[in-house]
Amino acid sequence: MILRYETLLTLGVSHTYYTGVCPDFRFVLPADSERLLARGRMLARLRDGRLHLLHAARPDGTPESDQSGHRLRIALVLANPLFSNYTDFAGGGATPLYRNRTTPGALAPPLAVAMVGGDFSHALTDSERPVTVHLRDTAGTVLRSDTVTAASGLGAVSYRMGGKDAGLYRVEEVYAGASGGSLYYYDRELARDLFALVEIDIAAAFYATPPSFTVTFAAASTPLRYYVVTRNYTNQEFNQLNVVDAGFNEDHRPRVQFDRVEAAAFTSAELPAAPLAAAGERVVLFRSRGPLVRQDKPRRRIELRRSSEVLVSHLPQPGPGQAAADMIVHLSKP
């Protein structure tokens with residue numbers, strides 16, 4: 001029998017910081033997903049920054065091994081340690097979990113989960129007693145219930161995870177007048193390495209219409225600040241300095257306006273003026289009027305001028321290694 005391979009689904013990562021493909025992550029399949037690929041006669045291939053999942057198909061297009069109803073898990077492992085410098089991400093130590101439960105062909109907004117690789121303890125969030133604590137699996141089934149009384153003196157409930165399936169678990173606290181819960185994701189294999197996790201439930205419709213899944217990150221926004229340090233500039237020359245965005249038409253973007261801020265008016269958000277200027281030097285700040293979205297492609301022709309004379313035609317802009325957009329420019333005359 002002649003088999004051909006057809007696309008079942010694709011998964012990519014987009015980031016508004018980049019003008020092209022986001023290169024910051026590696027796709028890693030845990031052992032259970034590798035076994036799923038083997039059972040389903042599937043191949044995983046990376047192309048143009050996207051993970052393509054291919055399945056073996058018969059001449060009539062039907063899958064050789066239909067895996068509808070099974071779950072594929074894919075870990076996103078961070079490959080760029082500078083990611084947090086230019087990303088608007090407030091994970092607070094939690095791991096984002098993306099799933100397609102609500103709409104099979106799309107990922108829902110991520111759940112914030114705590115990764116655990118083995119036995120763990122859940123700290124109770126309220127001092128009220130008694131409290132009933134349930135451990136629920138992904139389907140919501142109660143696996144264990146505990147009632148913690150004041151007499152016990154316990155502030156946490158511990159769980160042994162040996163023998164349990166990798167996946168999402170919820171610890172639910174039920175008090176007399178309220179309830180709450182925390183999400184945990186148990187996986188011995190991935191607990192230490194991943195930045196985010198994607199769970200995709202394979203639907204029968206994927207074999208006819210392959211979905212394209214994307215995990216999206218947004219770039220951070222921060223004011224762009226130019227600290228211009230001068231030596232041997234007269235008062236008139238110093239007062240004529242300005243920063244002008246002359247490239248907004250070429251870039252097809254809004255014009256960036258800069259405000260001039262004298263050293264005496266620097267705020268606590270700025271670098272302190274005194275360490276910037278040595279003896280015989282002066283410093284002035286040119287600050288963008290609002291925060292600017294970070295991007296890998298520099299904005300063209302942000303110019304430093306003295307009156308109408310261009311002194312620097314392309315001022316430096318923050319690279320990925322900088323969390324803040326504070327740029328220091330030195331000007332000196334003999």
Side-chain angles (χ1 to χ4, degrees), residues 1-80 83 87 89 95-113 138-139 165-168 185 187 189-190 193-219 296:
M1 179 183 294
I2 299 176
L3 294 177
R4 65 177 186 270
Y5 281 88
E6 296 186 352
T7 301
L8 179 66
L9 61 90
T10 68
L11 174 65
V13 178
S14 71
H15 198 309
T16 56
Y17 175 77
Y18 293 103
T19 52
V21 173
C22 173
D24 291 345
F25 292 93
R26 294 186 295 108
F27 300 98
V28 175
L29 299 180
D32 60 306
S33 290
E34 293 284 6
R35 291 192 293 269
L36 174 62
L37 264 61
R39 292 195 309 271
R41 303 290 298 276
M42 291 184 278
L43 301 173
R45 294 291 184 265
L46 189 64
R47 184 185 307 156
D48 299 327
R50 294 188 68 86
L51 182 69
H52 293 249
L53 199 66
L54 311 174
H55 71 93
R58 301 186 181 98
D60 63 359
T62 59
E64 176 69 14
S65 178
D66 191 325
Q67 295 300 306
S68 300
H70 292 275
R71 182 168 301 148
L72 175 71
R73 301 190 309 129
I74 304 167
L76 300 183
V77 177
L78 190 61
N80 185 354
F83 178 80
T87 304
F89 180 76
T95 298
L97 170 64
Y98 298 85
R99 305 192 296 174
N100 68 330
R101 300 292 180 81
T102 305
T103 304
L107 296 176
L111 300 173
V113 303
T138 301
D165 294 333
L168 182 67
Y185 199 97
D187 191 308
E189 184 180 356
L190 299 175
D193 296 329
L194 81 169
F195 180 89
L197 187 63
V198 180
E199 282 189 350
I200 298 175
D201 290 339
I202 299 174
F206 291 5
Y207 288 97
T209 308
S212 178
F213 297 102
T214 301
V215 173
T216 302
F217 294 99
D296 66 333

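All values reported here derive from a predicted model rather than from experimental measurement.
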Considering all heavy atoms of both residues, which atom of L197 and which atom of L194 are nearest to each other, and what is their separation?
-> CB-CD1, 3.4 Å
Partner residues of P211 under the side chain to side chain contact (heavy atoms under 4.5 Å, CB included) criterion, sequence neighbours left out = L9, F206, F213
Interatomic distance, CG@L43 vs CG@L8, rounded to 0.5 Å, equals 11.5 Å
Ring pair (Phe, Tyr, Trp, His ring centres under 6.0 Å) partners of residues 19-53, not counting sequence neighbours, each pair once | F25-F83, F25-F195, F25-F217
If we only count heavy atoms from C-beta on, is the Q67 to H55 side-chain gap below 4.5 Å?
-> no
Closest heavy-atom pair and its distance - S68, D66 | OG-OD1, 2.5 Å
Residues forming a side chain to side chain contact (heavy atoms under 4.5 Å, CB included) with R71, sequence neighbours excluded | R73, R101, T138, E199, D201
State, yes or no, whether a side-chain contact exists between L168 and L111 at a heavy-atom distance under 4.5 Å.
-> yes
Does the side chain to side chain contact (heavy atoms under 4.5 Å, CB included) test come out yes or no for I200 and L53, once each step is laid out?
-> CA-CA 12 Å; I200 298 175; L53 199 66; over 6 Å; no
Atom pair CD1/OH of I202 and Y207 - distance to nearest 0.5 Å = 5.5 Å
side-chain hydrogen bond (donor to acceptor under 3.5 Å, both in side chains) with T102: which residues, sequence neighbours excluded?
-> none
Euclidean distance, L51 CG relative to L72 CG, rounded to 0.5 Å = 8.0 Å
Only pairs at least two apart or in different chains count here, so list each side chain to side chain donor-acceptor pair (under 3.5 Å) that has a residue in residues 6-28.
-> R4-E6, T10-R50, T10-S212, S14-T216, H15-T87, Y18-D24, Y18-Y86, D24-N80, D24-Y86
Go through the structure and list residues passing side chain to side chain contact (heavy atoms under 4.5 Å, CB included) with A139, not counting sequence neighbours.
-> D137, T141
Side-chain contact test, heavy atoms from C-beta onward, threshold under 4.5 Å: evaluate it for N100 versus V198 and give yes or no.
-> no
Over all heavy atoms of both residues, which pair between A57 and G61 is shortest? Give the atoms and the distance, please.
-> CB-O, 4.0 Å
Considering all heavy atoms of both residues, which atom of L37 and which atom of A44 are nearest to each other, and what is their separation?
-> CD2-CB, 3.8 Å
Tell me, please, which residues at least two apart from D48 pass side chain to side chain contact (heavy atoms under 4.5 Å, CB included).
-> none
All heavy atoms of S65 vs all of R41, minimum pair found to be CB-CG, 4.2 Å
Given side chains that start at C-beta, do those of L29 and I74 come closer than 4.5 Å, heavy atoms only?
-> yes
Taking every non-hydrogen atom, the tightest pair across V28 and P30 | O-CD, 3.7 Å
